[in-house]
Amino acid sequence: MPHDTPLISTIVGGLVLAFILGAFANRLKLPPLVGYLIAGILVGPHTPGYVADQNLAPELAEIGVILLMFGVGLHFSLKDLLSVRGIAVPGAIVQIGFATLLGWGLGALMGWPTGGSLVFGLALSVASTVVLLKALQERRLVETERGKIAVGWLIVEDLAMVLALVLIPAAASIGSGHGTVEPLSAAVNRIFGLDMGIGGIIGMTLVKVALFVGVMLIFGRRVIPWTMHRIAHTGSRELFRLGVLAIALGVAFGASKLFGVSLALGAFFAGMVLAESELSHRAAQESLPLRDAFAVLFFVSVGMLFDPNILIEKPIPLIATIFIIVIGKSVAAFLIVQLFRKPVGTALTISASLGQIGEFSFILAALGVDLGLLPEEGRDLILAGAIISIILNPLLFYACEKLRPLLEPKREEPQPEPAAETMNEVVEEPPVVVDEVHATKLSGHAILVGYGRVGSIVGQNLKSSGTPFLVIEDSDHRIAALRDQGIEVIGGNAVTREVLDLANLKGARSLVIAIPNAFEACRVAEQGREVNPGVLIVARAHSDAEVEELKQYGADTVIMGEREIAMGMLDRLSQVHHDSSPYEVETEAGISAAEETPSPEKQ
């Protein structure tokens, strides 16, 4: 029986086209998200051919936002959030106000009413959750101080937009006599006959947000980890994965319906309370595949909204809009962070992260048009500005990386006094700045990439044996701990050529890649072999496929953790059952090999 399948066709069309164009963009050395956006344009209503369902695509994209924010919450404790409140709260508020003022000015020049201009400015002031987090994750900055500030800044923007989404309809209803009113205020008015007004609406919104945060911190911190532990004890991986998704989606949806907060904020707090459980790492792994897939659909849904005609019909207003988003917001964020006496690297990272707009901007634009405040021309400019700013965002990060060495010596050297006054300023970020500017003096040394569970064991043994070595690490906490131990460390991502050059890879004797991410490890190995063909490259892997891939990219020796565990078990068994080991361990080539083991007398 023939029937329409808009959900299936939207998912299949979006993912397949995104995969093809994303791979093509990657081949051209462009970020894959450029391909995802173009895929959205091709399946959108403004280009010929197949048109995906415009109602389903944004809802599917919202699932990606929920899972992404849930994953961030899993790596972001309440302590981390409170530690950056001093800069994130005032910084986000000032930056939102500045961007809104610029947008209001552009709207006024175009002859729009004040209400529409303010909505336009607000839409340009808030960054995209997905774009910001993807940018930080690609550069492994989420767990660094600058990453935590950026995420905290994003949370404050999220809360501000929740308030705006309530106030805008209320303000429109006061002026026109109709519109959507905040439900709790309407109930109070109906039961007690009290007109709450704008002040009451703001108060009720803040009360609901506070109630949600209180419920999550008091009850959620107990119920969610307890639930996941009970599921884990069943031994069913399927149930555990389902439980993770149920908590992420259920808490986000419930928070939106019961407390009026955004889906993204609800998911973030769900992840944050689960982060206090030892199961948080496993929960992050289980949600990763779906999170990435639905994040791709977000970019496809954004591309579907883009009308290419705006490039021809409104070029000057479009250029002004992009200038506000990419330049105006970024410069404002940079100056704000500098006022708080943070390092230039932190200021540049945050300014680049915020130089784009996304999902909240689309919601505000649609709301403004529906209420008759914002002309359709304003909505089209917001959508076009979002598309172009998202495409330009990787270039903005690249420009900031190039500007950083030029700005740091001039700005960082005249400020020794504050660093000496408070220990916080010493350990938070400046150690990374020093390494970004100065190369190592070591030669004939070992370079250790990553100082986690594996890297720390390797590093301690290198230190005890007197082997000259340095560590490349991007976690601020680990960098501070390494310096306390007197170990030379370079802050940054070893994937970037500049960091490897600072580590004097050309003069190194060995390169140890101890990070678990096989994709990044392959890129490090490839660059290592290119820079120094004679260097010994040792890496780690989790499967035979990863072993072969790392060797193809230049690794000399690849240690697979699972095989070493099996050999350790067999070694212990042989000491009990045999004088020498009869057990055989299959190597990468499929050849069986026996290992000699000590005799039982040595036990």
Side-chain angles (χ1 to χ4, degrees), residues 225 228-244 277-289 446-467 469 471 478 509-522 524-525 536-603:
M228 294 310 300
H229 276 281
R230 297 287 294 179
I231 296 173
H233 287 158
T234 65
S236 172
R237 183 174 182 180
E238 180 181 347
L239 277 177
F240 185 85
R241 184 182 293 118
L242 185 60
V244 171
S277 165
E278 58 268 23
L279 294 172
S280 59
H281 181 70
R282 182 180 170 190
Q285 289 181 322
E286 296 294 345
S287 62
L288 183 62
I447 298 174
L448 175 58
V449 179
Y451 206 75
R453 292 178 297 174
V454 174
S456 59
I457 297 173
V458 175
Q460 290 302 323
N461 279 272
L462 289 173
K463 183 180 180 181
S464 62
S465 66
T467 304
F469 78 103
V471 178
R478 290 174 182 166
R509 295 186 64 181
S510 61
L511 173 63
V512 183
I513 306 172
I515 55 177
N517 188 314
F519 293 103
E520 290 190 2
C522 287
V524 175
L536 171 67
I537 300 178
V538 182
R540 59 182 288 198
H542 296 287
S543 67
D544 288 325
E546 289 183 2
V547 170
E548 292 302 322
E549 188 176 15
L550 282 161
K551 287 188 173 182
Q552 288 176 6
Y553 279 95
D556 296 294
T557 303
V558 183
I559 310 298
M560 192 173 84
E562 287 77 1
R563 182 176 292 112
E564 294 302 313
I565 292 172
M567 291 173 68
M569 289 179 172
L570 292 174
D571 180 75
R572 183 65 180 125
L573 288 172
S574 69
Q575 295 170 8
V576 175
H577 297 286
H578 308 281
D579 290 336
S580 61
S581 174
Y583 301 114
E584 297 178 340
V585 180
E586 188 175 339
T587 64
E588 296 90 343
I591 304 171
S592 296
E595 233 190 17
E596 296 223 1
T597 58
S599 62
E601 286 83 12
K602 294 184 179 181
Q603 293 299 315

**Atom pair OG1/CG of T467 and N461 - distance to nearest 0.5 Å** = 9.5 Å
**Interatomic spacing from CE in M560 to CG in L550 - rounded to 0.5 Å** = 12.0 Å
**Distance-minimising heavy-atom pair for S456 and G452** = OG-O, 2.7 Å
**Message:** Are there over 12 heavy-atom neighbours, none belonging to R241, within less than 6.0 Å of that residue's CZ?
**Reply:** yes
**Message:** I need the I231 CD1 to L242 CG distance, nearest 0.5 Å.
**Reply:** 8.0 Å
**Request:** Identify the two heavy atoms, one from C522 and one from E549, that lie closest to each other, and give their separation to 0.1 Å.
**Result:** SG-CG, 3.6 Å
**Request:** Kindly compute the distance separating CZ (R230) from CZ (F240), expressed to the nearest 0.5 Å.
**Result:** 14.5 Å
**Request:** Would you mind reporting whether R563 and D544 have side-chain heavy atoms less than 4.5 Å apart?
**Result:** yes
**Item:** Validation row: Y451, Q460 side chains within 4.5 angstrom (heavy atoms)
**Value:** yes
**Heavy-atom pair of closest approach, residues A555 and A525** = N-CB, 4.4 Å
**Asked** How close do A446 and L462 get, heavy atom to heavy atom, and via which atoms?
**Response** CB-CD1, 4.4 Å
**Fill in**
To the nearest 0.5 Å, atom CD1 of I513 lies from atom CD1 of I447 at 10.0 Å
**Request:** Could you pull out the closest heavy-atom pair between E562 and H542, with the gap in Å?
**Result:** OE1-O, 3.4 Å
**Message:** Quick check: closest heavy atoms across A541 and V547, and the distance to 0.1 Å?
**Reply:** CB-CG2, 3.8 Å
**Item:** Spacing of NZ belonging to K551 relative to CG belonging to D556, to within rounding of 0.5 Å
**Value:** 9.5 Å
**Prompt:** Does the side chain of V524 come within less than 4.5 Å of L511's, by heavy atoms?
**Reply:** yes
**Message:** Looking at Y553, I'd like to know if its OH atom is crowded, meaning that more than 12 non-hydrogen atoms belonging to other residues, nucleotides or ligands lie closer than 6.0 Å.
**Reply:** no
